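Proteins come first, then strands; the chains are lettered A, B, ... in the order of their sequence lines, and each starts at number 1. Just so you know, these numbers come straight off a predicted model, no measurement behind them.
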Protein chains: 2
Amino acid sequence: MSTPVQRRRASINDVARLAEVSVGTVSNVLNRPDRVSPTTRERVVAAIAELSFVPNGSARQLRAGTITTVGAIVLDIANPFFTDVARGIEDRLTQDDYTLMLANSEEDPEREQRYLRLFEEHGVQGVMVVPSDERIDHLLALRARGVNVVLLDRSSPLDDLSSVAVDDVSGGELAARHLLEQGHTRIAFLNGPHAIRQCVERHTGVVRALEAAGLDPAEALVEITVPSLNADGGEAGTRELLASADHPSAIFCVNDLTALGALRTLRHEGVRVPDDVAVVGYDDVTFAAELGTPLTSVRQPTHALGFRAADLLLAAAAGAPAEQVLFQPELVVRASSTTP
Amino acid sequence: MSTPVQRRRASINDVARLAEVSVGTVSNVLNRPDRVSPTTRERVVAAIAELSFVPNGSARQLRAGTITTVGAIVLDIANPFFTDVARGIEDRLTQDDYTLMLANSEEDPEREQRYLRLFEEHGVQGVMVVPSDERIDHLLALRARGVNVVLLDRSSPLDDLSSVAVDDVSGGELAARHLLEQGHTRIAFLNGPHAIRQCVERHTGVVRALEAAGLDPAEALVEITVPSLNADGGEAGTRELLASADHPSAIFCVNDLTALGALRTLRHEGVRVPDDVAVVGYDDVTFAAELGTPLTSVRQPTHALGFRAADLLLAAAAGAPAEQVLFQPELVVRASSTTP
DNA sequence: TTTCCATTATGAACCGATTCACCGACGAAG
DNA sequence: CTTCGTCGGTGAATCGGTTCATAATGGAAA
């Protein structure tokens with residue numbers, strides 16, 4: 001029924017022998033078919049089919065050096081924000097017939113390193129990375145070794161290192177200002193660890209909004225660090241918050257998955273949204289508008305983020321200078337935060 | 001500020017020269033450190049650091065053959081179902097220090113082929129694939145060439161080909177039977193193209209439930225093929241459905257993203273759920289319970305699916321025989337389908 | 001008929017690692 | 001004093017492609 005497993009993969013030598021030509025000719029059929037006469041070409045093509053020969057990528061790359069694969073490392077592949085970014089990347093790469101290897105660091109610097117090394121060993125053209133902590137030395141070292149690097153969702157501190165990011169300070173500010181305008185005077189912020197730059201910057205934005213309103217952040221801001229940037233983290237954070245009798249009347253969540261967990265927990269605990277507590281999320285994922293209480297959220301141009309990053313990477317490969325792109329987020333107001 | 005780009009990546013020869021040893025010794029330091037005297041080892045390690053040498057993976061693999069990377073191809077990386085599966089895969093692979101390359105076929109057989117070829121050229125240990133259409137010949141051929149293959153979310157027709165799947169016939173039946181029990185006598189099925197096996201099988205399940213209830217599927221079932229298996233597809237399908245005056249009072253959606261689009265459209269059109277129309281989804285993604293109208297859905301053991309698939313792949317690499325695993329889905333009833 | 005050029009094919013060198021047969025030195029045993 | 005085993009290290013062969021200098025062939029031009 002099924003074909004037996006071959007003893008050994010067919011090599012270009014086997015093809016050459018079967019087609020009774022030299023290995024050079026087989027290679028030419030593969031890479032420069034026009035330099036081979038039609039009759040020989042046919043013989044070689046037949047032999048290739050006969051042996052179901054697939055060229056060994058390692059050997060090819062070892063000799064030729066070039067490759068059309070790039071890598072991307074994101075913090076959490078289960079987060080719609082990152083998958084949308086990945087789609088943007090793929091859409092750009094497809095135009096140039098590049099392929100993407102996607103990896104997931106789970107916010108773990110060690111995993112990030114491991115994948116970077118894997119990519120480098122496989123000789124990728126370049127990598128797009130959402131750094132999982134503050135440090136980017138290893139990325140600079142990587143680049144020094146000839147691998148193109150583009151920072152993803154994180155602005156570059158260096159002029160000659162490309163980056164594509166969204167203004168997270170502004171995003172945090174938009175969210176907090178909105179809550180203040182709704183009459184809230186104290187805000188809870190379910191944030192991720194400060195090792196992650198985005199979290200720090202959104203925090204900065206929140207503080208800025210509070211100060212602009214004449215409030216003292218030490219008083220008006222309750223920051224809770226969630227154990228993970230997803231629904232379970234949001235649930236844990238919200239429980240911690242509700243444990244305190246004197247909790248704020250507004251919650252700003254570092255992303256929509258966290259907000260999802262918050263909404264779930266509030267509902268279970270009988271806290272009404274937005275009547276008792278207002279909630280604002282971040283990312284404006286697909287389902288944000290369809291929730292029991294439609295979620296106010298900070299929208300980011302996810303697809304464009306990925307698309308542009310891939311763009312910069314391909315440009316860098318072609319010798320173009322580095323560039324720092326910064327997109328602006330926008331607030332989408334829905335029921336979860338508006339006073340009834 | 002930043003280190004300049006090196007002319008050329010350092011090779012094992014450069015290291016050997018700098019450390020004044022032979023290349024064989026450097027290789028030993030890398031792979032069998034105990035066979036090298038401490039003093040020489042130190043010299044070599046210093047040289048490696050000095051040149052920031054990273055071994056060329058292509059060369060290594062070309063010579064050594066072995067590799068600890070596997071590939072996975074899913075239909076849509078933006079679908080939470082597949083990202084959960086991917087997490088399951090990663091969790092299993094991490095145990096054995098394998099790494100995952102993830103790719104996205106977008107239900108396009110050509111893209112699937114492209115990634116399979118990429119994986120094969122890079123000499124992966126094996127691949128896990130959610131086939132994007134009915135045919136699996138190319139996967140059998142791939143396996144015949146020595147690449148381990150595990151079918152993902154699709155049961156194998158061959159005894160000696162591993163697969164991990166969920167019983168989709170049963171899932172479709174569960175959903176349809178539930179709707180019939182709620183008193184509906186005609187059901188709309190927003191399904192994907194029949195090229196995708198899961199869609200065919202869920203359809204079979206629906207038909208089976210209808211027949212068991214003594215209904216004629218030709219009468220009681222209105223199947224609409226959505227243009228894409230996501231929220232936009234669900235919206236399009238629902239609009240098509242509403243265009244007919246005499247539409248069924250129940251909609252079964254082939255996945256939760258489609259259901260999300262359906263709920264959105266029904267709301268926009270002023271159709272009440274479940275009062276006017278009942279809706280059932282498939283996958284039970286995280287947000288299903290939190291929607292405006294909590295969504296009844298067929299739950300699948302996503303994480304286990306991926307975990308087990310990776311398990312079988314690693315087992316196959318170790319010489320274990322093929323195995324077909326079939327999980328059973330379960331229906332989670334919520335407000336979107338229960339008569340008020 | 002000879003010369004010359006274009007076309008097509010050849011085969012060896014090379015990419016950068018791993019692996020293994022072999023060698024030199026040194027200490028222990030006979 | 002020889003013999004032998006061990007340890008540490010060497011360097012050439014090898015993996016499977018690409019590339020390029022070179023050769024063979026044949027037809028057109030002189």
(message) Quick check on side chain to side chain contact (heavy atoms under 4.5 Å, CB included): which of B/Asp153, B/Leu152, B/Val74 does B/Val85 satisfy it with?
(response) B/Leu152
(request) Send over the distance from A/Asn13 CG to C/dA12 P, rounded to a whole Å. (result) 12 Å
(request) Return the set of residues passing side chain to side chain donor-acceptor pair (under 3.5 Å) with B/Glu134 (not counting sequence neighbours), or none when no residue passes. (result) B/Arg197
(message) How many whole angstroms separate atom CZ of B/Arg60 from atom P of D/dG17?
(response) 20 Å
(request) May I ask you to decide whether B/Asp137 forms a salt bridge with B/Arg135, counting only side-chain N to carboxylate O separations under 4.0 Å? (result) yes
(message) Does a side-chain N or O of A/Ser37 approach OP1 or OP2 of C/dA9 to a distance below 4.0 Å, or not?
(response) yes
(request) Please figure out whether A/Val54 or B/Asp34 has its closest DNA chain D nucleotide nearer the 5' end. (result) B/Asp34
(request) Measure from CD on A/Glu42 to P on C/dT8 and round the result to the nearest Å. (result) 14 Å
(request) Name all residues meeting the side chain to side chain donor-acceptor pair (under 3.5 Å) criterion together with A/Ser37; count only those two or more places apart in sequence or in a different chain, and write none if there are none. (result) A/Thr39, A/Thr40
(message) Under 4.0 Å from OP1 or OP2 of D/dG8: is there any side-chain N or O of B/Thr40 that close?
(response) no
(message) Nearest whole Å is fine: how far is C/dC14 P from B/Leu62 CG?
(response) 17 Å
(request) Output yes when at least one side-chain N/O atom of B/Arg63 is less than 4.0 Å from OP1 or OP2 of D/dA13, else no. (result) no
(message) I need the full list of salt bridge (Lys or Arg N to Asp or Glu O under 4.0 Å) pairs touching residues 106-116 of chain B, with sequence neighbours left out, sorted by first then second residue.
(response) A/Arg87-B/Glu106, A/Glu90-B/Arg111, A/Asp97-B/Arg114, B/Glu106-B/Arg111
(request) For residues 117-130 of chain A, pull every pair meeting salt bridge (Lys or Arg N to Asp or Glu O under 4.0 Å), keeping only residues two or more places apart or in separate chains. (result) A/Arg117-A/Glu121, A/Glu120-A/Arg145
(request) Using a heavy-atom cut-off of under 4.0 Å over every strand shown, decide if B/Arg32 touches base, sugar-phosphate, or nothing. (result) sugar-phosphate
(request) Rounding to 10 degrees, work out the angle separating the end axes of the helix from C/dT1-D/dA30 to C/dG30-D/dC1 (five pairs an end). (result) 60°
(request) Quick one: which residue pairs count as a ring pair (Phe, Tyr, Trp, His ring centres under 6.0 Å) with a foot in residues 110-137 of chain B, not counting sequence neighbours? (result) A/His122-B/His122
(message) Using only atom types and a distance under 3.5 Å, with no angle test, would you say the side chain of A/Glu323 pairs donor to acceptor with the backbone of A/Ser163?
(response) no
(request) Would you list the pairs meeting salt bridge (Lys or Arg N to Asp or Glu O under 4.0 Å) in which at least one residue belongs to residues 15-27 of chain B, sequence neighbours left out? (result) B/Asp14-B/Arg17
(request) Find the distance B/Ile12:CD1 to D/dT10:P and express it as a whole number of Å. (result) 12 Å
Under 3.5 Å, which N/O atoms of the protein pair with N/O atoms of nucleotides 4-7 of chain D?
none

(message) Short of 4.0 Å, heavy atom to strand atom, which residues of residues 18-31 of chain B count as contacting DNA chain D?
(response) B/Val21, B/Ser22, B/Gly24, B/Thr25
(request) Among residues two or more places apart or on two chains, list those pairs meeting ring pair (Phe, Tyr, Trp, His ring centres under 6.0 Å) that have a residue in residues 81-113 of chain A. (result) none
(request) Send over the distance from A/Gln61 CD to D/dT19 P, rounded to a whole Å. (result) 13 Å
(message) What is the separation between atom NE2 on B/His122 and atom P on D/dG17, rounded to the nearest whole Å?
(response) 14 Å
(request) Not counting sequence neighbours, which residues clear side chain to side chain donor-acceptor pair (under 3.5 Å) with A/Arg92? List them please. (result) A/Gln95, A/Asp96, A/Asp311
(request) Would you please name every residue forming a side-chain contact (heavy atoms from CB on, under 4.5 Å) with B/Ala317, sequence neighbours left out? (result) B/Gln125, B/Asn148
(message) Whole angstroms only, please: what is the CG-P distance between B/Leu51 and C/dG16?
(response) 13 Å
